[in-house]
Each structure stands twice: as structure tokens, then as C-alpha cells.
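These notes are about the structure you will find just below.
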There are 2 protein chains.
Amino acid sequence: MNLRERKKRRTRDALLRAALELFVTRGYEETTVDDIAAAVDVSQRTFFRYFAGKEETAFFVPRLAETLVVEALRTRPPGEVPLEALRRAVLESWDAINEAVAELVPIDLHLRVYRVIESTPALLAAHLRRSAELEEQLACIIAEREGLDVNADPRPRIVVALFGGVIRVTERLWSAGDDLTLDGMRQLTTTYLDQVGPALAGNWRAEQSP
Amino acid sequence: MNLRERKKRRTRDALLRAALELFVTRGYEETTVDDIAAAVDVSQRTFFRYFAGKEETAFFVPRLAETLVVEALRTRPPGEVPLEALRRAVLESWDAINEAVAELVPIDLHLRVYRVIESTPALLAAHLRRSAELEEQLACIIAEREGLDVNADPRPRIVVALFGGVIRVTERLWSAGDDLTLDGMRQLTTTYLDQVGPALAGNWRAEQSP
DNA sequence: GAGGCTAGTGACAGCCACTGACAATTGACA
DNA sequence: TGTCAATTGTCAGTGGCTGTCACTAGCCTC
């Protein structure tokens, strides 16, 4: 790798870390792009050469995680039922995700950024739109696994929507709670996915949830 | 109603209609607030006294629909299973929604705005965030109907997430297709909701979808 | 190793969404 | 009709973001 490229990578990482650090301490809206640029001692214009916008810094790391989940779903054995494949793809790519993330920013910082995303309207909106795009990808993969046409058969998109909905609910609960750890998130996710069956069964009053 | 209040209502409606008209003809990003204000011959500052931002004009009408759906769910008979109550609340408030909308803007305009929302990243993001808030409300109502605590029992949020997911999928398909009518949307919605059961049943390959 | 080439940068000007402050106007009401 | 309060316009300013242009620093060739 060139000196030029190494330098570029270094400023990008510095901008990224500075931005996230400022977001978690001062808040997203309270952080200006000038603040971020100043923290790394580059011009505002340079910031915009590395990131398309202030928003992008917040989602740079999550984007990594998404590609890994997609990857994981692609390599699931074809015998698994769709919901099962989705569940395992997410749970089993967890560790790989954290490894990849840790190379960019401290895990702790990354987790606290999630809370900022969830509590900042503008970021939450962007997050949901990105999630919708991810779900579309997943639906296509599921359809392919089952030998279906995504646009002709509603079912792939419906399962993915259900799955995505559950994930979103856990994300929200996790980021609002005080157990801001990876295992906390993982545990919450499995618990909620286990509840999908019971939630769709007819009468809730007959059998109470634990 | 005062002359003053009548005047206010008139400028607000004029701003709203002008904005939507510009959005569907020129595009959302290509329309500046100055354009909208100029079309109604008021100052830009006045626009911001009626709407918190450019975005709000696009969601002013949809907000109406949402409140009516919430209302409808509240008055569903307690005998209905959650998913059934949600389904009926949406389908049976349809007509009331259109009546209310028609008083503000031409239905046709409103429908074309939906397509703009769906195809404009910034608006889509905002739409998804708003939908998430609506889902939270619905989950609370469902929980209350079933005598549960939303925060203790995962199931209300899960069903609503599933339901909301299906609605979103139909919205997307409808706005992308060429049958931009109310009946088209209604029909698509019922079809997809009917597919929820089959989609969650184990093996898709055994029984093909129609 | 000098010189040209080019990617990366900074400085500047400008657009657009949005806000605060203050003055001017217009409807309400005695 | 005159006073009061609500509505509006004007102006100035902030923050995100983009285009332009000159300049510098690393790269590559001779």
C-alpha cells in the first residue's frame, strides 16, 4: 500500500473516530462538520471528500455488519426453512461482525453510537431506510433459495419483513435499556425470535408468555 | 370561524397544495421552499410559520390517515384476535380516510405524492420513521386489548411489526406499479395479508402460492 | 536526482433549509 | 375610531453541502 493510500486511510479513520466520539459525547445535532474537521485538523471540504455527508459517518460501521449478514445468509445450507436461515445467519455472523468492527473503531464506541442513532430522529430515519434496503436484499436471497420470483410471490418479502420487524424491536429495546453489551443484544434477539411462533398463535390469553 | 382564521386556513391549504403540486411535477429535491412560497405569494418566513419544514408538507395528509387508523383500532370489538383487529381497522377505515383527505387536497394529487415519497430517499426515510412511531401506538393498543404490558410481553410489538411489514411491502409494490388507484391498493393489501399465514407455514415448496 | 504528472487539499464563494429578532401590517373588539 | 394582538415581511445569520481553482505533496520517468 502506497504512502499516499496509507495517509488517506489514516485521515478517513481519524475523521470517522472523531465524528463518532463527538456524537456520543456532545450529541449528533450538536456536532457540526466543522467541529469534526477541526478535531482532525483538516478543512471542512476535505471531510466531504471522504464522506458524502455527516450522516454517513454514523453508518459507516453498521454498513460493514450488514454486508457480513448478507454474506452469511448466502452460505446457509438450503435445507433450512427461511425463518431459520435468517435467524442463524444473523446469530452466527455476530462474532465475525465484531472482529471486523474492532479493526475500525473501539467496540465500546460503536455500541454507544447505536444509542445515538436510535435517539436522534434524523439518524433513526436514515437507519430505517437502510434497513429497508437490506431487507430487500435478504428477500431476494430467500426467494432464490426457494426457487421463487420475488416479484411474483409475496412470501419472501413477508417473512423478511417479519424478521426485520423483530430485529428492529430488539434494537430499540436494547439501545433504550442499560445492558449496553454485545451479549445483552444477542440474548434479547434470541428471546424475541423465540416469541415469533407464540405471538402468531391464536389466543394469547390462553397461554401467558414467560 | 373568524375572518382571520379563515385566512390562515386558506394560506395553509394553498401552501400545502402548491407544495404537493410542485413535488409531483418537478420532484421533491428540485423544489425549494422559496418556490413554494412564491407560488402562493407569501414570504419564505411565512411558509415556516405554517410548516416545521419542507418535509412536513409531504406528510400532512398521511398524518390524517394515521390518526383515523388508530381511532379505528381502538373501537374494534375485543373478541377479535390481534392480527384480525389490525386488518379490519385498516381496511374498514379506508373510506373514512379518503373522505377526510378529499377535503384537503384532490385524491389524485395525494396518490401521486405517495409515489414521490417512495422514490425520494429523504422522504422515504422520514416515512419509515413515522411508520415506526405509528406501530408503537398500535402495539400499545393491542397490548391493552389483551390485558398485557407492552414492555414486559414481546408479542404485541411482534404482531404489529409483522403487520406493519406487510403494509410497507404493499405500499412499495403499489407505488412502483402502474395501478395508482385506491382500489388497487386496497386489493393488494388484502391479498398480501391473506398470504401471511402461508408465508409462515413451514415448507413453501410443498404448496405453491397462487 | 530533477522534472513533470496527478491525487489530495485548502480557501473561497455560493445554494438551500431553517431560525431569531424586529418592524410593519392587518383583523378584532371595545 | 382607536387600541391591542395576531400575522406577516425583512434582514441577518447558522449549518450542511457543492463547485471551482490554485497549490502542495507523493509518485513515476528519464
Side-chain angles (χ1 to χ4, degrees), chain A residues 1-16 18-23 25-60 116-117 120-127 129-130, chain B residues 1-16 18-23 25-60 116-117 120-127 129-130:
Chain A
M1 200 153 74
N2 265 350
L3 166 58
R4 198 120 89 178
E5 299 201 359
R6 263 180 289 141
K7 249 184 152 173
K8 256 171 69 176
R9 174 67 56 95
R10 223 183 309 141
T11 34
R12 193 205 62 185
D13 289 357
L15 281 168
L16 182 60
L20 300 187
E21 210 86 55
L22 283 167
F23 293 165
T25 54
R26 194 185 304 181
Y28 178 77
E29 306 283 8
E30 289 71 30
T31 303
T32 70
V33 174
D34 284 317
D35 291 336
I36 302 168
V40 184
D41 207 53
V42 295
S43 73
Q44 190 213 49
R45 198 65 187 84
T46 295
F47 171 91
F48 282 109
R49 290 200 177 96
Y50 282 97
F51 300 97
K54 193 168 75 157
E55 226 179 65
E56 208 186 270
T57 57
F59 294 109
F60 195 88
V116 175
I117 290 176
T120 306
L123 287 182
L124 179 57
H127 175 56
R129 189 177 57 78
R130 295 169 47 77
Chain B
M1 202 154 68
N2 266 348
L3 165 58
R4 202 174 250 175
E5 299 202 358
R6 264 179 290 141
K7 249 185 152 175
K8 255 172 68 175
R9 175 66 57 96
R10 224 182 310 140
T11 29
R12 193 204 60 182
D13 290 357
L15 280 169
L16 183 60
L20 301 187
E21 209 84 57
L22 284 167
F23 293 165
T25 54
R26 192 185 305 182
Y28 178 77
E29 306 283 9
E30 290 70 31
T31 304
T32 70
V33 174
D34 284 316
D35 291 335
I36 302 168
V40 184
D41 207 53
V42 297
S43 72
Q44 190 214 49
R45 197 66 186 84
T46 296
F47 172 90
F48 283 109
R49 290 204 176 93
Y50 283 97
F51 300 98
K54 194 169 74 157
E55 227 179 63
E56 207 186 271
T57 57
F59 294 110
F60 194 88
V116 174
I117 291 176
T120 307
L123 288 181
L124 179 57
H127 175 56
R129 190 178 58 77
R130 294 169 47 79

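The chains referred to below are lettered A, B, ... by the order of the sequence lines, with proteins before strands, and numbering in each begins at 1.
Residue A:Tyr50 places no side-chain N or O under 4.0 Å from the OP1 or OP2 atom of C:dG8. The phosphate of C:dG27 (OP1 or OP2) has a side-chain N or O of B:Lys7 nearer than 4.0 angstrom.
Under the 30°/60° scheme for interplanar angles, the aromatic rings of B:Phe59 and B:His127 are found to lie parallel.
Nucleotide D:dA25 holds its C1' atom 14 Å from the NZ atom of A:Lys8, rounded to whole Å. Counting to the nearest Å, the C1' atom of D:dA6 and the CD atom of B:Glu5 are 11 Å from each other. C:dG8 atom C1' lies 13 Å from atom CG of A:Leu15, rounded to whole Å. Atom-to-atom, CG of A:Asp41 to P of C:dT9 comes out at 13 Å; the value is rounded to the nearest Å. Rounded to an integer number of Å, the gap from A:Asn2 CG to C:dC5 C1' is 15 Å. Whole-Å rounding puts the A:Arg12 CZ to C:dA7 C1' distance at 17 Å. Put simply, CZ on B:Arg9 is 17 Å from C1' on D:dA6, counting in whole angstrom units. Whole-Å rounding puts the B:Arg10 CZ to D:dT8 P distance at 11 Å.
Among all heavy-atom pairs drawn from A:Leu16 and A:Thr57, the shortest one is CD1-O, 3.3 Å. A:Glu55 and A:Ala122 make their closest contact through OE2-O, 4.3 Å (heavy atoms, listed as atom of the first residue, atom of the second, distance). Contact detail for A:Ala39 and A:Ala18: the closest heavy-atom pair is CB-CB, 4.1 Å.
For the atom pair CG (B:Asp41) and OG1 (B:Thr11), the distance works out to 12.0 Å, reported to the nearest 0.5 Å.
Using five terminal pairs a side, the axes of the helix from C:dG1-D:dC30 to C:dA30-D:dT1 at its two ends make an angle of 10°, given in steps of 10 degrees.
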Pairs under 3.5 Å (N/O, protein and nucleotides 16-19 of chain D):
{"from": "D:dG16", "atom 1": "OP1", "to": "A:Thr31", "atom 2": "O", "distance (Å)": "3.4"}
{"from": "D:dG16", "atom 1": "OP1", "to": "A:Lys54", "atom 2": "NZ", "distance (Å)": "3.2"}
{"from": "D:dG16", "atom 1": "OP2", "to": "A:Val33", "atom 2": "N", "distance (Å)": "3.2"}
{"from": "D:dC17", "atom 1": "OP2", "to": "A:Lys54", "atom 2": "N", "distance (Å)": "2.8"}
{"from": "D:dG19", "atom 1": "N7", "to": "A:Arg45", "atom 2": "NE", "distance (Å)": "3.3"}
{"from": "D:dG19", "atom 1": "N7", "to": "A:Arg45", "atom 2": "NH2", "distance (Å)": "3.0"}
{"from": "D:dG19", "atom 1": "O6", "to": "A:Arg45", "atom 2": "NE", "distance (Å)": "2.8"}

Practice prompt. Given side chain to side chain contact (heavy atoms under 4.5 Å, CB included), test A:Arg12 with A:Leu15 step by step and report yes or no.
Written response: CA-CA 5 Å; A:Arg12 193 205 62 185; A:Leu15 281 168; 5.8 Å; no
Item to complete: Quick one: do B:Thr120 and B:Phe23 satisfy side chain to side chain contact (heavy atoms under 4.5 Å, CB included)? Show the steps, please.
Response: CA-CA 10 Å; B:Thr120 307; B:Phe23 293 165; over 6 Å; no
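Heavy-atom neighbours of B:Asn2 CG from other residues, nucleotides or ligands within 6.0 Å: above the threshold of 12.
Both B:Thr46 and B:Arg4 lie close to DNA chain D; mapped to their nearest nucleotides by heavy-atom distance, the more 5′-ward contact belongs to B:Arg4. Taking for each of B:Leu3 and A:Val42 the nucleotide of DNA chain C with the nearest heavy atom, the 5'-most of the two is the partner of A:Val42.
Considering B:Thr32, B:Thr31, B:Asp35 in turn, B:Asp35 is the only one that fulfils the side-chain hydrogen bond (donor to acceptor under 3.5 Å, both in side chains) rule with B:Arg26.
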